[in-house]
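Not measured: the values here are computed from a predicted model. Numbered from 1 within each chain, the chains take letters A, B, ... in sequence-line order.
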Number of protein chains: 2
Amino acid sequence: MREFKRKSRVLLIDDNADHLRGVKELITLESSYDVVGATTSANIGINLAKKYRPDIILMDINMPEKDGLQAIQEIEKLDMDIRVIALSGYDDADLIFRAMKLGAKGYVLKTMASAQLIYAMDEVASGKIYLPTALTSRFFEYFQRSFREEAATTEENLLTYLTAREEEVLDLLTQGNNYKGIAGKLFISETTVKTHVNNIFQKLQVNDRTQAVLYALNNGFAGRRRSKMAV
Amino acid sequence: MREFKRKSRVLLIDDNADHLRGVKELITLESSYDVVGATTSANIGINLAKKYRPDIILMDINMPEKDGLQAIQEIEKLDMDIRVIALSGYDDADLIFRAMKLGAKGYVLKTMASAQLIYAMDEVASGKIYLPTALTSRFFEYFQRSFREEAATTEENLLTYLTAREEEVLDLLTQGNNYKGIAGKLFISETTVKTHVNNIFQKLQVNDRTQAVLYALNNGFAGRRRSKMAV
DNA sequence: CGATATATCAATCCAAAGATGTAAGACAAA
DNA sequence: TTTGTCTTACATCTTTGGATTGATATATCG
């Protein structure tokens with residue numbers, strides 16, 4: 001089956017013309033890839049991508065004119081099943097993290113052996129996501145650090161002092177309910193809700209419902225709302 | 001230098017006694033590791049960890065009594081530089097994601113060759129984070145999917161209708177300020193703030209400040225507050 | 001058993017928040 | 001210049017929210 005697979009079509013985007021030429025030659029030597037375009041401009045590259053619908057894009061992400069990361073984002077938005085491999089001169093954890101977050105299917109250093117680039121392309125062409133082991137380690141260090149910081153602040157958590165009922169009330173607060181709404185949903189009177197809410201304020205050491213909601217969300221109160229990580 | 005390195009101390013936690021014994025034998029055969037403990041109970045394991053301070057823990061994460069993930073979390077909280085490698089029978093993306101998020105330094109399938117387990121231990125002992133390539137791919141698929149969904153919902157965003165000043169006001173709202181606080185910080189009168197806030201309510205189609213804040217936080221309003229991903 | 005914690009409800013009272021309408025000055029685009 | 005948007009500001013009125021005090025019923029725990 002493998003020998004009948006059609007060649008994968010590759011688009012190259014790299015503002016360094018020399019490097020662009022080098023990579024192009026390297027890939028053209030590989031019988032399993034066709035270079036359908038090569039440009040030093042991210043914007044032109046995006047247009048070429050729309051036009052030629054390559055299978056894979058090798059994208060330099062350290063470009064002055066337009067940020068390669070932004071270009072990745074725009075290409076992903078097209079939702080055309082174009083797989084982007086980020087090329088970079090730096091093994092900066094933050095860069096790796098952001099590239100992968102934006103949907104890059106691989107991240108390869110320019111200093112790496114050409115065999116590794118081809119291997120990455122093979123893996124990505126077959127639908128996998130490829131990160132060199134060393135970069136995977138870096139990625140995870142960054143990834144875990146961002147959660148360790150969270151965990152640290154979650155240590156002493158005023159939320160633990162809330163009773164079960166108070167948690168229910170707080171949960172409804174974090175959904176934007178007012179007293180009447182909460183009372184209706186819990187089948188209790190509005191004044192009872194007021195009592196609970198006031199007790200919550202005392203325990204969380206806040207002055208109003210907005211602050212209570214913010215405290216809850218910033219301190220691991222799930223509230224069935226999925227959240228995010230800043231880019 | 002390598003031959004002078006002291007043996008790494010390993011603690012095994014696996015509720016399956018047979019598997020526990022097998023792994024113990026396997027590791028004892030390796031000259032570079034000492035098994036300092038082996039237990040079928042997560043709780044006992046945590047206590048052993050405190051007592052013997054192993055370098056590495058191999059932790060089964062599919063245990064009925066106590067969740068292995070929770071055990072990882074507790075061990076990480078100890079902050080004793082104990083490196084946990086998750087052992088699991090399943091290559092479930094969500095399990096991998098949560099284990100790594102909680103600080104596991106590796107994730108190895110029980111079905112994998114023993115050589116791979118030893119390799120993972122070698123890598124982790126040397127300070128790296130190790131995930132088999134296949135699992136790395138799974139992890140990233142999960143990782144990227146969680147962001148794609150975000151991007152999708154952020155498409156049509158009522159926040160874009162806000163003026164610059166309104167965004168400033170909303171930002172202060174998401175920090176728990178009341179009218180007086182916002183007026184003071186922006187050097188404008190309280191009535192002006194009221195005007196802005198009311199306009200914000202109209203544009204975001206909400207009824208009160210809490211709902212406005214929730215809308216902002218759930219729709220990519222950065223608000224200089226780092227956020228999280230639910231476990 | 002008595003002490004304590006929780007959940008329920010009510011009556012006040014004051015402050016804060018929200019709705020609505022109006023309007024003036026700045027500024028940019030048509 | 002005119003038009004429109006944005007920012008500022010005020011007055012008025014209604015509703016909601018928050019603080020406080022006190023009361024009752026029901027568990028749970030020692």
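- Here C/dA17 presents its C1' atom at 11 Å from CD1 of B/Ile182, a figure rounded to the nearest Å.
- In this view, A/Asp18 and A/Asn16, A/Arg21 satisfy the side-chain contact (heavy atoms from CB on, under 4.5 Å) rule, not counting sequence neighbours.
- Here B/Lys110 pairs with B/Asp14, B/Asp60 under the salt bridge (charged side-chain N to carboxylate O under 4.0 Å, His left out) rule; sequence neighbours left out.
- The 5' end of DNA chain D is approached more closely, in terms of each residue's nearest nucleotide, by B/Lys203 than by the other of B/Lys203 and A/Lys180.
- When heavy atoms are screened at a 4.0 angstrom cut-off, B/Thr163 is found touching the sugar-phosphate backbone but no base atom.
- Residues B/Tyr130 and B/Tyr107 keep their aromatic ring centres 6.0 Å or farther apart.
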Are there any protein N/O atoms within less than 3.5 Å of an N/O atom in nucleotides 28-30 of chain C, and if so, which ones and at what distance?
none

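- Checking A/Asp171 against A/Gln175 by side-chain atom types alone, a donor-acceptor pair falls below 3.5 Å.
- Salt bridge status for A/Asp79 with A/Lys77: absent, with no side-chain N to carboxylate O gap under 4.0 Å.
- Counted by atom type alone, A/Asp15 and A/Thr40 present zero donor-acceptor pairs between their side chains at under 3.5 Å.
- Over its length, the helix from C/dC1-D/dG30 to C/dA30-D/dT1 turns its helix axis by 50°, as judged from the five terminal pairs at each end, rounded to 10°.
- Pairing each heavy atom of A/Val213 with each of A/Leu173, the nearest pair is CG2-O, 3.5 Å.
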Could you go through nucleotides 18-21 of chain D and list every protein N or O atom that sits under 3.5 Å from one of its N or O atoms, giving the distance for each pair?
residue : atom : partner  : partner atom : Å
D/dG18  : OP1  : A/Arg209 : N            : 2.9
D/dG18  : OP2  : A/Tyr179 : OH           : 3.2
D/dG18  : OP2  : A/Arg209 : NE           : 3.1
D/dG18  : OP2  : A/Arg209 : NH2          : 3.1
D/dG18  : N7   : A/Lys194 : NZ           : 3.4
D/dG18  : O6   : A/Lys194 : NZ           : 3.1
D/dA19  : OP2  : A/Asn198 : OD1          : 2.5

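- In this structure, CD of B/Glu166 is placed 10 Å from P of D/dT8, rounded to the nearest angstrom.
- When the P atom of D/dC10 is taken as reference, atom NE2 of B/His196 falls 13 Å away, rounded to whole Å.
- Atom-to-atom, CD of A/Gln211 to P of D/dG17 comes out at 16 Å; the value is rounded to the nearest Å.
- B/Thr191 meets the side-chain contact (heavy atoms from CB on, under 4.5 Å) test with B/Ser189; sequence neighbours excluded.
- A straight line from CD1 of B/Ile200 to P of D/dT7 spans 10 Å, rounded to a whole angstrom.
- For the 3.5 Å distance criterion, the side chains of A/Asp94 and A/Tyr142 qualify, holding a donor opposite an acceptor.
- Listed nucleotides C/dA7, D/dA9, C/dA16 differ in distance to B/Asn178; the shortest reach to its side chain belongs to C/dA16.
- Between A/Phe143 and B/Phe97, the two ring planes are perpendicular [angle over 60°; tilted spans 30° to 60°].
- Using a cutoff of 4.0 Å between basic side-chain nitrogens and carboxylate oxygens, B/Arg138 and B/Glu141 are not scored as salt-bridged.
- Here B/Met121 contributes atom CE and B/Leu26 contributes atom CG; the two are 8.0 Å apart, rounded to the nearest 0.5 Å.
- OP1 or OP2 of D/dC10 has at least one side-chain nitrogen or oxygen of B/Ser189 nearer than 4.0 Å.
- Atom CD in B/Glu168 sits roughly 14 Å away from atom P in D/dC6 (whole-Å rounding).
- Counting non-hydrogen atoms under 4.0 angstrom, A/Thr192 reaches a base of the nucleic acid.
- Spacing between atom CG of A/Leu186 and atom C1' of C/dT6 amounts to 15 Å, rounded to whole angstrom units.
- Within the structure, every side-chain polar atom (N or O) of B/Thr191 is placed at least 4.0 Å from both OP1 and OP2 of D/dA9.
- With rounding to whole Å, A/Glu190 atom CD is found 11 Å from D/dT15 atom C1'.
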